[in-house]
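These notes concern the structure reproduced below.
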Amino acid sequence: MFKTKKEFKKEFENACLVVVGKDFEDCSTEEKYFALAKLISSQAGELHEQKIAHKKIYYFSMEFLIGKLLENYLMNLGLTKTVSEGLKDMGESLEDYFDIEKDPGLGNGGLGRLAACFMDSLASLGYEAQGVGIRYRFGLFKQRIEDGRQVEDPDNWLEKDYPWEVKHLEAAVPVKFGGRVEKSYDGNEMHYQWIPEETILAVPYDIPMVGYDGKQVNTLRIWSAKPMEEGFDMDAFNRGDYAHANKHRADVQAITDILYPNDQSLSGRILRLKQEYMFTAAGIMDIVNNFKKQYGNHWEIFSEKVAIHTNDTHPAVCAPELMRVLMDQEGLGWDESWKIASASVSYTNHTILPEALEKWPIDMFRNLLPRLYDIIEEIDRRYRDSFHKNVDGWQEQLKNTAILWDGQVHMANLSVIVSHHVNGVADLHTEILKNIVLKDFYTLVPEKFNNKTNGISHRRFFAQANPSYRKLLEETIGKGWIHHPEELENLKKYEENVSFLEKVEASKKENKIRLANYIKKMTGIEVNPNSIFDIQVKRFHAYKRQLLNVLKIMDLYNRLLADPNFHIHPVTFIFAGKAAQGYTFAKDVIRLICAIADVINHDDRVNRMIKVVFIPNFSVSNAQIIYPAAEISEQISTAGMEASGTGNMKFMMNGAITLGTLDGANVEITQLVGSDNIKIFGLKAHEIETMRHQGSYLAWTLYHENQRIKKVLDQLMDDTYSHLSGGFDLIYDSLLRDNDSFFVLKDFESYMNAFEELVGLYEDKKTWWKMSVHNTACSGYFSSDRTIEEYVQEIWKL
Ligand code: PLP
């Protein structure tokens, strides 16, 4: 492992020769980046320990949004200075290499990024862990804006190889699909043999997960589908039917070709079920193989050595699959296998939206995974048998909790039944699970339920993303907070210190200028770094209510034009985020943002006061530029609908003030910072629940009673904003004809008031920057280090 600049330069030159096959001088910048990434990756590999020394957590997640690695790993390994100065001597710039790196989009948003933050914290805290996921050939689409509309381009992240991964063909495992189960009785017990219709090979690729200080390096193991044999139909080839000759290979590889968007109904997507089973079965086989290598057949200690966590229900078949392997391959009985599986597996629920709770038609499931289905059917049968039929309401309880019901396999119910712990991701969310969504389970097995409020990697999203603030903190409270984020509390002592507040303001300005430059480069729009940066970045979804924010801007514009006495501090409204390809409403909201941006930014009467920007292709890498530049963090979901949010935590840590509803982790942010340091508005979750129940809300009434609402809604239908890409009937209809399911209009007035009050505070510098520092000082709680410690102590028992 190199330590000095001199050693680095020598090893780097050598890496160019070995990796690229060229002298350093002859390599392109891209090739040099590739050699450097390989060098750092091999340094990390030297620190890696394959064996299970104590107890290992296997974190199964369909998505891992890991972001770029080079900058993060240099920081974690303490090599940034050595490498940067070494490269400078060689006439190179490290920043150029950072730019070249691809940001693999192996996830949709919050859930996938959470998994990546957890990998960071697990390694940084020195726990043995492996992430288990899918190596999608194409990540989430790249978003481009053309004539004010979202356009999707494929994310071909593997086009030129990915230097951080290492393929392990020797660890590939077969995965079966379809066919039938043969039963035989040997006079003693039943034996089951799955005769599949198709068997494919799952091939793992390992990416190092480097902890801070480099003490622990774990692995993210992502699986790729490949044919068992390089099947090639020679007859078809000789006939000139090239497409058919390759068909089998293409069909198999298709399993891991694409990442499904999270905003579409998945019923009937057999490929998705294949994905889910493929990575789960491969991961379980891998765990069993590793365990056996070390501990032989000592299955009685399996759950002392292995913890398996399922991030949402996508890997819900972990437990039945583990039982299948233990019974059919290792010869264990039902009771023993059940005991091992249910003592090893735990589950995080991420959503309360009923339509997002995963279900599969029984026929489809049984045809694709016949042996798994047998096992699940038996789990369900035993679960039904366990009901005490003399308890009032047992039928209703069973109906709500059974795995097999109404011709469907209910994956959340399966997950709860097979797991030893079930958790929600913020206090409010866990309460809603206990009292509404999984109420019957909570009555039956309250001890399984617990809360684990999400967290974020404060190292990536604060220490790395906000270098100016980091430097200021190091000068003020030292470096301890990088290991112990709760030490950010020490900042509270400086909340009244005017000279410190001025430095915080200057740091924010630096970040705003960095973002303004990025905006100029990506959109051509010039924004004023002295204006307030009011930012909403996240996936586009009706419940996240970007539309409420847009209506606010439309209303401000109307009032600025109509009333010469109306004044606010200049504000730049910044949006980013992707809408799923098939989600027309969400895409229309993006279109509306681009349309109002075009009108407002070109209107010289107002564009010194307000501007609107849509930054294309929100991803982990530009998120790291966006969060640190924010002053207002828009977290305005319909109360009760956002499980937790993690963007809210990233903004808060970077000193933005939250303008939000009492939803998800906003509730805990409020408790931590106090109501003077956050701006909360709108209906509460229970009020919305009541109004929905009573059907007492009528959007038309608001339209007729509130002139400002009427005006902005009418503008959706006239030609105010339709010049760029057409009208906005769908949005208008969702608000009025469909009676505003997300309570946008109902919360409008309270949102406008809250916004104006908050912006009013900006004029008072001391108050504003004190609030900002207070938010950062209270944010240590939201480090994923804290979340991981809670999982470790209370669920995984590592
Ligand atoms: N996408 C990326 C790249 C993120 O960093 C985050 C935040 O953690 C999200 C999506 C989720 O954002 P939110 O929690 O605001 O929905």
Side-chain angles (χ1 to χ4, degrees), residues 61 63-68 72 102-121 139-143 155 259 261-263 311-312 350-353 356 425-426 428-429 453-462 464-466 534-546 548-549 574-580 586 589 615-630 632-638 641-654 656 658-661 663-669 779 782-784 787:
S61 177
E63 303 185 7
F64 283 91
L65 212 45
I66 56 177
K68 295 187 180 191
N72 191 249
K102 287 242 165 40
D103 179 351
L106 308 185
N108 274 286
L111 175 140
R113 183 54 231 178
L114 181 78
C117 285
F118 281 2
M119 294 315 293
D120 174 295
S121 285
L140 187 64
F141 66 86
K142 283 194 185 154
Q143 179 195 55
D155 171 29
L259 165 78
N262 65 352
D263 294 325
N311 192 26
D312 215 326
H350 280 273
T351 182
I352 55 168
L353 307 182
V425 289
L428 176 66
H429 172 230
T453 298
N454 280 167
I456 59 171
S457 165
H458 68 286
R459 283 171 288 271
R460 177 180 284 266
F461 287 97
F462 189 43
Q464 179 190 329
N466 200 338
D534 172 326
I535 307 189
Q536 187 172 20
V537 288
K538 49 183 76 241
R539 284 301 289 255
F540 273 74
H541 201 292
Y543 84 82
K544 290 181 183 269
R545 299 202 297 193
Q546 283 92 351
L548 177 59
N549 195 350
I574 298 167
F575 294 87
K578 296 176 186 177
V589 176
I615 301 175
N617 203 39
F618 185 50
S619 56
V620 178
S621 28
N622 61 18
Q624 290 174 211
I625 304 172
I626 296 170
Y627 291 121
I632 296 179
S633 156
E634 298 272 355
Q635 306 300 334
I636 58 178
S637 50
T638 313
M641 300 194 79
E642 183 72 88
S644 164
T646 42
N648 45 3
M649 303 168 187
K650 293 173 187 173
F651 280 112
M652 171 211 190
M653 194 172 273
N654 282 285
T658 306
L659 170 57
T661 46
D663 199 16
N666 297 353
V667 177
E668 284 142 277
I669 297 181
S779 69
F782 293 113
S783 163
S784 44
T787 317

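Note that the coordinates shown come from a computational prediction; the quantities given were computed from them, not determined experimentally. Whatever order the structure lists them in is the order used to number ligands and atoms, beginning at 1.
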* Asked: Of the listed options (Phe461, Phe618, Tyr627, Phe651), which comes nearest to atom 6 (C) of ligand 1 when hydrogens are ignored and any heavy atom counts?
  ->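 Ranked by closest heavy atom to atom 6 (C) of ligand 1, first place is Tyr627.
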* Between the candidates Arg113, Glu642, Lys650, which shows the shortest non-hydrogen contact distance to atom 8 (O) of ligand 1? ->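 The nearest heavy atom belongs to Lys650.
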I need the nearest protein heavy-atom contact for [atom]: residue, atom name and distance, please.
atom	result
atom 16 (O) of ligand 1	Lys544 NZ, 2.7 Å
atom 12 (O) of ligand 1	Gly647 N, 3.9 Å
atom 15 (O) of ligand 1	Lys538 NZ, 2.7 Å

* To do: Inspect the contact between Asp120 and Arg459 and indicate whether a charged nitrogen and a carboxylate oxygen are less than 4.0 angstrom apart.
  =>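 Salt bridge present between Arg459 and Asp120.
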[X] neighbourhood, listing ligand 1 atoms whose heavy-atom distance to it stays under 4.0 Å:
X	answer
Thr646	7 (C), 8 (O), 14 (O)
Gly109	1 (N), 10 (C)
Gly645	14 (O)
Gly110	9 (C), 10 (C), 11 (C)

Going by atom types alone, do [X] and [Y] pair a side-chain donor with an acceptor below 3.5 Å?
X	Y	answer
Ser637	Asp663	yes
Gln635	Thr658	no
Ser61	Glu63	no
Lys578	Asn108	no

* To do: Locate the shortest heavy-atom distance separating Asn654 from Phe461; write the atom from each residue and the value.
  =>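 Asn654 and Phe461 have their closest heavy atoms at ND2-O, 3.0 Å.
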* Asked: Quick one: does Ile535's side chain get under 4.5 Å of Phe651's, heavy atoms only?
  ->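 Touching, per the 4.5 Å side-chain cut-off.
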* Could you tell me whether Ser619 approaches ligand 1 through its side chain, its backbone, both or neither, with non-hydrogen atoms closer than 4.0 Å? =>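 It is the backbone that gets close, since no side chain atom is under 4.0 Å.
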* Rounded distance [0.5 Å steps], CD in Glu634 versus CG in Asn549 ->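 So the CD of Glu634 and the CG of Asn549 are separated by 4.0 Å.
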* Is the shortest distance from a heavy atom of Arg539 to ligand 1 less than 4.0 Å? ->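 No, Arg539 has no heavy atoms under 4.0 Å from ligand 1.
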